[in-house]
Protein chains: 2
Amino acid sequence: MRLVIATCEVDYAGRLSAHLPKATRLLLVKNDGSVLVHSDSGSYKPLNWMSPPCTLIEKDDQWTVKAKSGDSLIITIHEIHSDTSHELGIDPGLTKDGVEAHLQELLAAHLDTIGPGLRLVRREYPTPIGPVDILARSSEGGTVAVEVKRVVEISAVEQLTRYLDLLNRDTKIAPVRGVLAGNVVKAQARTLATDRGIRCVVTDYDELRGLTDPTERLF
Amino acid sequence: MRLVIATCEVDYAGRLSAHLPKATRLLLVKNDGSVLVHSDSGSYKPLNWMSPPCTLIEKDDQWTVKAKSGDSLIITIHEIHSDTSHELGIDPGLTKDGVEAHLQELLAAHLDTIGPGLRLVRREYPTPIGPVDILARSSEGGTVAVEVKRVVEISAVEQLTRYLDLLNRDTKIAPVRGVLAGNVVKAQARTLATDRGIRCVVTDYDELRGLTDPTERLF
DNA sequence: GGCTACATTTCGCCT
DNA sequence: AGGCGAAGTGTAGCC
């Protein structure tokens, strides 16, 4: 990893065109060839960058970073204030816990939190337009399709509506009712869902996790 | 901006939990308090980070970064290989050309590329569920709602369908037909759009730009 | 402040 | 490789 503090201008040409006027910035060159241009604020996203795989050619005061697609990043160096390199080695990577997949697992294991008498058919039930998060049989004989989201927004209502339209054409499982489950249900999503006869269930991730054997979740 | 090369472990607790085992990484501390943990590969996204506003407390070999929301990033330092600071000043920021907003402007100025005899009603036509990119009057008396995307995907069809449902209830402008316009139209989006009577138009950004007075587009 | 939509989104999974 | 959905998304614009 190479770290350069430099006064520079940057021009990107690719899916769009972008220009950075002359200023002092951090140029971060990674071992995989990627280049990041960071300012001293903003967030984790660089002002400009080139993703790997790409090649960096330095010629006088001009750096040219090119990707196979033809995207190019041209950095004009006006002054270099610092230029250091460090050997980091490969990173063992990140382990995560708490994303939608886990909420889906927990809900599938505790279908009673969605409704009484439900029996799991399967998670990620495949359809031609994508997998339904949870499909379950109701004690009354019908089917329930559950769409799981950390935050239920209007797009989740649309998504589940598409699934329901399709699933209800299958006479082996129809009628299929819809349920949206999430830790947060946005007001507008709830309104649209209710209008379409879709029920919303507010889940509690911590509570659900408490119901499961805690030894399963340690890392 | 402070740049630290350190052998460290990182734990994040917030919207999810994440852990980074001991390894050598770049710790980037920006002037606004944000912290980025970068490895030597990946892309522009850090392995772990804390967005501003947040506070960094260093106590012995432990860095604690806390956000108002309660999110926390705990960095355990095993060894510091380098620790430098640099004054960068504020950045003048990025100018862009070629984003959706520009495509919308160009299309509104050249409605003939969408269909003959169209007259602009307005761009960003407001509705209760969001703005319609372009609303135009057809020479036959009806209305045309145009959704503009750089890349037209299935979600654009859903979005325009919602607008059309709503707009067609307004007797002053009904009937309203839908048009999807973009530089790229994905096959599945085209299929769904056609099925719903929505026409797709493939635009050419460079060609559209050429139709406009070029002096307007320089930066 | 809430909500919507855009992004050089990136990332990961699955076909 | 391409399609599709999720993201600790971030960010800007509008109401």
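Chain A is the first sequence line, chain B the second, and so forth, proteins listed ahead of strands; every chain is numbered from 1.
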Practice problem: Respond yes when some side-chain nitrogen or oxygen of B:Ser51 is under 4.0 Å from OP1 or OP2 of D:dG10, and no when none is. | Solution: yes
Protein-nucleic acid N or O pairs under 3.5 Å, nucleotides 3-7 of chain C:
from, atom 1, to, atom 2, distance (Å)
C:dT4, OP1, A:Gln188, OE1, 2.8
C:dA5, OP1, B:Tyr163, OH, 2.6
C:dC6, OP1, B:Glu100, OE1, 2.8
C:dC6, OP1, B:Glu147, OE2, 3.4
C:dC6, OP1, B:Lys149, NZ, 2.7
C:dC6, OP2, B:Lys149, NZ, 2.9
C:dC6, O5', B:Glu100, OE1, 3.3
C:dA7, OP1, B:Glu100, N, 3.0

Quiz item: Looking across every strand, which nucleic acid part, if any, lies under 4.0 Å from A:Tyr12 by heavy atom: base, sugar-phosphate, or nothing?
Solution: base
Exercise. Name the nucleic acid region contacted by A:Met50, choosing base, sugar-phosphate or nothing; use a 4.0 angstrom heavy-atom cut-off, strictly under.
Key: nothing
Starting at atom [atom1] of [X], determine the distance to atom [atom2] of [N], rounded to an integer number of angstrom.
X: B:Asp91; N: D:dT11; atom1: CG; atom2: P; value: 14 Å
X: A:Gln104; N: D:dA7; atom1: CD; atom2: P; value: 11 Å
X: B:Arg15; N: D:dG8; atom1: CZ; atom2: P; value: 8 Å
X: A:Leu20; N: C:dT8; atom1: CG; atom2: P; value: 12 Å
X: B:Leu36; N: D:dG8; atom1: CG; atom2: P; value: 15 Å
X: A:Leu47; N: D:dG10; atom1: CG; atom2: C1'; value: 14 Å
X: A:Tyr125; N: C:dC14; atom1: OH; atom2: P; value: 18 Å
X: A:Glu158; N: D:dG5; atom1: CD; atom2: P; value: 12 Å

Quiz item: What closest approach, in Å, do A:Asp97 and B:Leu16 show between heavy atoms, and which atom pair accounts for it?
Solution: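 Minimum heavy-atom contact is O-CB, 3.4 Å.
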Taking side chain as C-beta onward, heavy atoms only, is [X] less than 4.5 Å from [Y]?
X: A:Val148; Y: A:Thr203; answer: no
X: B:Asp133; Y: B:Glu100; answer: yes
X: A:Asp195; Y: A:Thr191; answer: no

Tabulate below the donor-acceptor pairs under 3.5 Å that side-chain atoms of residues 65-72 of chain A make, not counting sequence neighbours, or state none.
from, atom 1, to, atom 2, distance (Å)
A:Ser69, OG, A:Asp71, N, 3.4
A:Ser69, OG, A:Asp71, OD1, 3.2
A:Asp71, OD2, A:Tyr12, OH, 2.7

Quiz item: Applying the side chain to side chain contact (heavy atoms under 4.5 Å, CB included) test to A:Asn183, which of A:Val152, A:Leu208, A:Leu103 qualifies?
Solution: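 Option passing the side chain to side chain contact (heavy atoms under 4.5 Å, CB included) with A:Asn183: A:Leu103.
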Quiz item: When you compare C:dA7 with D:dA6, how far apart are their C1' atoms, in angstrom units rounded to a whole number?
Solution: 15 Å
Quiz item: Quantified in whole Å, what is the C1' atom distance between nucleotide D:dA7 and nucleotide C:dC6?
Solution: 15 Å
Practice problem: Could you tell me which residues satisfy side chain to side chain donor-acceptor pair (under 3.5 Å) with B:Ser39, sequence neighbours excluded, listed by chain and number? | Solution: none
